[in-house]
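Shown next, in structure tokens, is the structure this report addresses.
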Amino acid sequence: MKVRRLHPWNVSPTEAICIQHTLRRRLDLREYGGTIETVAGVDVSFDKYAPTLYAAVVVMRLNDRQILETATAVTTSTFPYIPGLLSFREAPAVLQAVKRLRRAPDCLLCDGQGIAHPRRFGLACHLGLLLDLPSIGCAKSLLVGKYREPARKRRSFRALLDKGEQVGIILRTKDGVAPVYVSPGHRMSFPRARKIVLDTHGGYRVPEPTRQAHLLVNALRRDGPVSALLHG
DNA sequence: GCGACAG
DNA sequence: ATCTTGTCGC
């Protein structure tokens, strides 16, 4: 599928922040009315020493939660990991993998934040805008904001607030297990983001599309593309 | 100036 | 994120 060229990638951290301020204004955070039948989970892993990034995308159908397609990509990192600038390190690799999909998914589920970000432009926002797709950020830890612990039972949730505004929700996907941090990326509302995460839940803390993408990138990194094909 | 800080 | 076996708990 097509990828929009919104800006250069070989930029400095300062320029990256400037780009985030510019792109955030193009986000559409209204309730998306379209039908979402397929969700694409994306994830990235990297070598401890080699500057190699491994990306994977796993497309799941919401009806029966069946995996329809997967794609991977191996690239070289050109940007360091800096809190708040994660997308400038991981997005290029993810885009390469997504471009290889035969069919475009209806929504993107990312391993990171959406608008629950200091400049309201996390990885999910960036990818959603570049691919022109509704997107959701589902992170395993906090980047910004404050919240009160949700009840211990599954599906309990509380608002994630930052500087007086809601930027996401803290969602318990399993009884008594640490919650996940869900925030809209692009063309997405809080309620719908929460519903999609719960609908793609497969018994583990993180939703299935993202979890499968995680398993796939690790298989790709450890055992190479051949083994990754079997795991996909 | 001192912490906090997605993956 | 990555380095890694067993082990505590439901």
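Order of the sequence lines fixes the chain letters, A, B, ..., with proteins taken first and strands second; residue numbering starts at 1 for each chain.
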Which atom pairs, donor and acceptor, lie under 3.5 Å between side-chain atoms of residues 120-129 of chain A and protein residues at least two apart or in another chain?
from     : atom 1 : to       : atom 2 : distance (Å)
A:Arg120 : NE     : A:Glu165 : OE2    : 3.0
A:Arg120 : NH1    : A:His117 : O      : 2.6
A:Arg120 : NH1    : A:Asp162 : OD2    : 3.0
A:Arg120 : NH2    : A:Asp162 : O      : 3.4
A:Arg120 : NH2    : A:Asp162 : OD2    : 2.9
A:Arg120 : NH2    : A:Glu165 : OE2    : 3.1
A:His126 : ND1    : A:Ser87  : OG     : 2.8
A:His126 : NE2    : A:His7   : NE2    : 2.9

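- With a 3.5 Å limit on both pairing distances and Watson-Crick or G-U wobble geometry required, DNA chain C contains no stem of 3 or more pairs.
- A heavy-atom distance below 4.0 Å to DNA chain B is reached by these residues of residues 135-154 of chain A, ordered by number: A:Ala139, A:Lys140, A:Ser141, A:Leu142, A:Leu143.
- For C:dT2, one of the phosphate oxygens OP1 or OP2 lies less than 4.0 angstrom from a side-chain nitrogen or oxygen of A:Arg221.
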Could you tabulate the donor-acceptor pairs under 3.5 Å formed by side-chain atoms of residues 167-181 of chain A, not counting sequence neighbours?
from     : atom 1 : to       : atom 2 : distance (Å)
A:Arg172 : NE     : A:Ala151 : O      : 3.0
A:Arg172 : NH1    : A:Val177 : O      : 2.9
A:Arg172 : NH2    : A:Glu149 : OE1    : 3.4
A:Arg172 : NH2    : A:Pro150 : O      : 2.7
A:Arg172 : NH2    : A:Ala151 : O      : 3.4
A:Thr173 : OG1    : A:Arg205 : O      : 2.7
A:Lys174 : NZ     : A:Gly203 : O      : 3.4
A:Asp175 : OD1    : A:Arg154 : N      : 3.0
A:Tyr181 : OH     : A:Tyr147 : OH     : 2.9

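- In terms of heavy-atom proximity, A:Pro8 sits nearest to A:Ile19 at O-CD1, 4.1 Å.
- Residue A:Ser183 comes nearest to A:Ile115 through the heavy atom pair OG-N, 3.5 Å, listed as atom of the first residue, atom of the second, then distance.
- Residues A:Leu68 and A:Arg103 form no side-chain contact, since every pair of their non-hydrogen atoms from C-beta on lies 4.5 Å or further apart.
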Kindly list each side-chain donor-acceptor pair under 3.5 angstrom involving residues 36-48 of chain A, sequence neighbours excluded, with atom names and distances?
from    : atom 1 : to       : atom 2 : distance (Å)
A:Thr38 : OG1    : A:Asp106 : N      : 3.0
A:Ser45 : OG     : A:Arg221 : NE     : 3.3
A:Asp47 : OD2    : A:Tyr54  : OH     : 2.9

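- Closest heavy-atom contact between A:Ala116 and A:Leu160: CB-CD2, 3.8 Å.
- Put simply, NE2 on A:His201 and CZ on A:Arg211 are 10.0 Å apart, with the number rounded to the nearest 0.5 Å.
- For the pair A:Val217/A:Thr72, no side-chain contact is recorded, criterion being any heavy-atom separation below 4.5 Å from C-beta on.
- Cluster note: A:Val144 groups with A:Leu143 through ILVMFWY side-chain heavy atoms spaced under 4.5 Å, whether in direct contact or through intervening members.
- Here A:Arg187 pairs with A:Asp132 in a salt bridge; the nearest charged N to carboxylate O distance falls below 4.0 Å.
- For the segment residues 173-198 of chain A, the set of residues with a heavy atom within less than 4.0 Å of an atom of DNA chain B is empty.
- Taking each heavy atom of A:His186 and A:Leu133 in turn, the nearest pair found is CD2-O, 3.7 Å.
- Protein chain A contacts DNA chain B from B:dC5 to B:dG7, reading 5' to 3' and using non-hydrogen atoms of the protein with a distance under 4.0 Å.
- Note on A:Asn218: every side-chain N or O is 4.0 Å or more away from OP1 and OP2 of C:dA1.
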Every protein N/O lying under 3.5 Å from an N/O of nucleotides 4-10 of chain C:
none

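- Of the residues in residues 121-130 of chain A, A:Gly122, A:Leu123 come within less than 4.0 Å of DNA chain B through at least one heavy atom, sorted by number.
- With contacts defined as side-chain heavy-atom distances shorter than 4.5 Å, the pair A:Lys99/A:Val3 qualifies.
- Between the NZ atom of A:Lys195 and the OG1 atom of A:Thr200 there is a distance of 10.0 Å, given to the nearest 0.5 Å.
- When all heavy atoms of A:Met188 and A:Cys107 are compared, the closest pair comes out as CE-SG, 4.0 Å.
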Margin query: Could you write out DNA chain B as dot-bracket? Rules: Watson-Crick or G-U wobble, both distances under 3.5 Å, brackets [ ] for crossings, | for pairs with another strand, dot for unpaired.
Written below: .......
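- Within the nucleic acid shown, A:Leu53 has no heavy atom closer than 4.0 Å to any nucleic acid atom.
- Residue A:Phe88 comes nearest to A:Phe79 through the heavy atom pair O-CB, 3.3 Å, listed as atom of the first residue, atom of the second, then distance.
- Sorted by first then second residue, the salt bridge (Lys or Arg N to Asp or Glu O under 4.0 Å) pairs that include residues 135-145 of chain A, not counting sequence neighbours, are A:Asp111-A:Lys140.
- The CD1 atom of A:Ile82 sits 15 Å away from the C1' atom of C:dA1 (whole-angstrom rounding).
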